Novice: 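Quick one: the structure is below, questions incoming.
The structure displayed is predicted, hence computed values, not measured ones. Letters A, B, ... are given to chains in the order of the sequence lines, protein chains preceding strands, and every chain is numbered from 1.
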There are 2 protein chains.
Amino acid sequence: MTQESSYKDKKVITIGVVRELTGLTERQIRYYEERKLIFPSRTSGGSRKYSFTDIELLMEIAEKIEDGVQTFEIRQEMIREKKKEDAAALRKKMLQGQINAQFGIRKI
Amino acid sequence: MTQESSYKDKKVITIGVVRELTGLTERQIRYYEERKLIFPSRTSGGSRKYSFTDIELLMEIAEKIEDGVQTFEIRQEMIREKKKEDAAALRKKMLQGQINAQFGIRKI
DNA sequence: CGTGTAAGGAATTCTGACACG
DNA sequence: CGTGTAAGGAATTCTGACACG
């Protein structure tokens, strides 16, 4: 319901276009995948496909690397952030459950 | 200012992905370009690149063709619509000019 | 008119490896 | 560790043309 569902997250962009958009080399882009920082999907033929969100993420990654942060550390950060987000989402969901139990049922 | 500027109009999708997304054949997609219904940009190497907007347009075109509308007619429609939009945009702009002339200057 | 297809070539992408520092 | 590069192959895309209806 709150879904944007849309364009930004659709994995449709091939690596060559990502290269142009980010200024990174294909080598770098593939390496960040190898280090589990980015997760393109694949075409039936095996070519990588990225989303606009992936591209933004790649640019953040590139900045951190320039600042001397190692891929391992970047990955740790990402995992921590994800955990926080998941916990927040769960709290929100449970609260909504409470609300529904109190008021939702009587809606007739 | 009212610009979405964003993802939806960026030409970044190669024809293979467009094929998957629209269900059209590459032949069809290229033919609609030949008939001036769609205008992909190109990579330095010459490959076509489409936007999400292009994809939506392609699906509308495909529907019309199935309904027996000819590409020539579709093109006429598109041109007429564009003219209408341009005229509306111009009226809006001129009205804004009036408003600015009346009130904008005294803003100090 | 709109689409399929075979043809030949060029651009794109892929993987695994060696190199450097 | 992060990146460059040459290697060989496979998938992708391109154009112009012939075919059908």
Novice: CD1 of B/Ile15 versus C1' of D/dC14: gap in Å, rounded?
Specialist: 9 Å

Novice: Specify the residues of residues 43-73 of chain A, ordered by number, for which at least one heavy atom lies under 4.0 angstrom from an atom of DNA chain C.
Specialist: A/Gly46, A/Ser47, A/Arg48

Novice: Does the structure show a Watson-Crick or G-U wobble partner for C/dT12, both distances under 3.5 Å? Name it, or say none.
Specialist: D/dA10

Novice: Strictly below 4.0 Å, heavy-atom distances to any atom of DNA chain C: list the hits from residues 21-33 of chain B, or just say none.
Specialist: B/Thr25, B/Arg27, B/Gln28, B/Tyr31, B/Tyr32

Novice: Can you find a pair of side-chain heavy atoms, one from B/Met94 and one from B/Leu90, that are under 4.5 Å apart?
Specialist: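 Yes. Closest side-chain heavy atoms under 4.5 Å.
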
Novice: Output yes when A/Lys49 and B/Glu20 qualify as a salt bridge under the 4.0 Å nitrogen-oxygen rule, no when they do not.
Specialist: yes

Novice: Does B/Lys11 reach the side chain of B/Arg42, with side-chain heavy atoms less than 4.5 Å apart?
Specialist: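 SC-SC contact between B/Lys11 and B/Arg42 ruled out.
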
Novice: Are A/Ser51 and A/Asp9 linked by a side-chain donor-acceptor pair shorter than 3.5 Å?
Specialist: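 Not at all, the side chains of A/Ser51 and A/Asp9 share no donor-acceptor pair under 3.5 Å.
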
Novice: May I ask you to say whether B/Lys64 pairs ionically with B/Glu77, meaning some side-chain N is under 4.0 Å from a carboxylate O?
Specialist: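 Salt bridge present between B/Lys64 and B/Glu77.
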
Novice: Which whole-number value in Å describes the distance from A/Arg35 CZ to D/dG2 C1'?
Specialist: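 In whole Å, D/dG2 C1' and A/Arg35 CZ are 9 Å from each other.
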
Novice: Drop me the distance from A/Ile55's CD1 to B/Tyr7's OH, to the nearest 0.5 angstrom.
Specialist: 9.0 Å

Novice: Which nucleotide, if any, forms a Watson-Crick or G-U wobble pair with C/dC20, using both distances under 3.5 Å?
Specialist: D/dG2

Novice: Between A/Glu34 and A/Arg30, is the closest basic N to carboxylate O distance under 4.0 Å?
Specialist: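 Salt bridge between A/Arg30 and A/Glu34, a charged N being under 4.0 Å from a carboxylate O: no.
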
Novice: Starting at atom CD of B/Glu34, determine the distance to atom P of D/dT15, rounded to an integer number of angstrom.
Specialist: 10 Å

Novice: How many angstroms lie between OH in B/Tyr31 and CZ in B/Arg35, if you round to the nearest 0.5 Å?
Specialist: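 Here the rounded value is 4.5 Å.
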
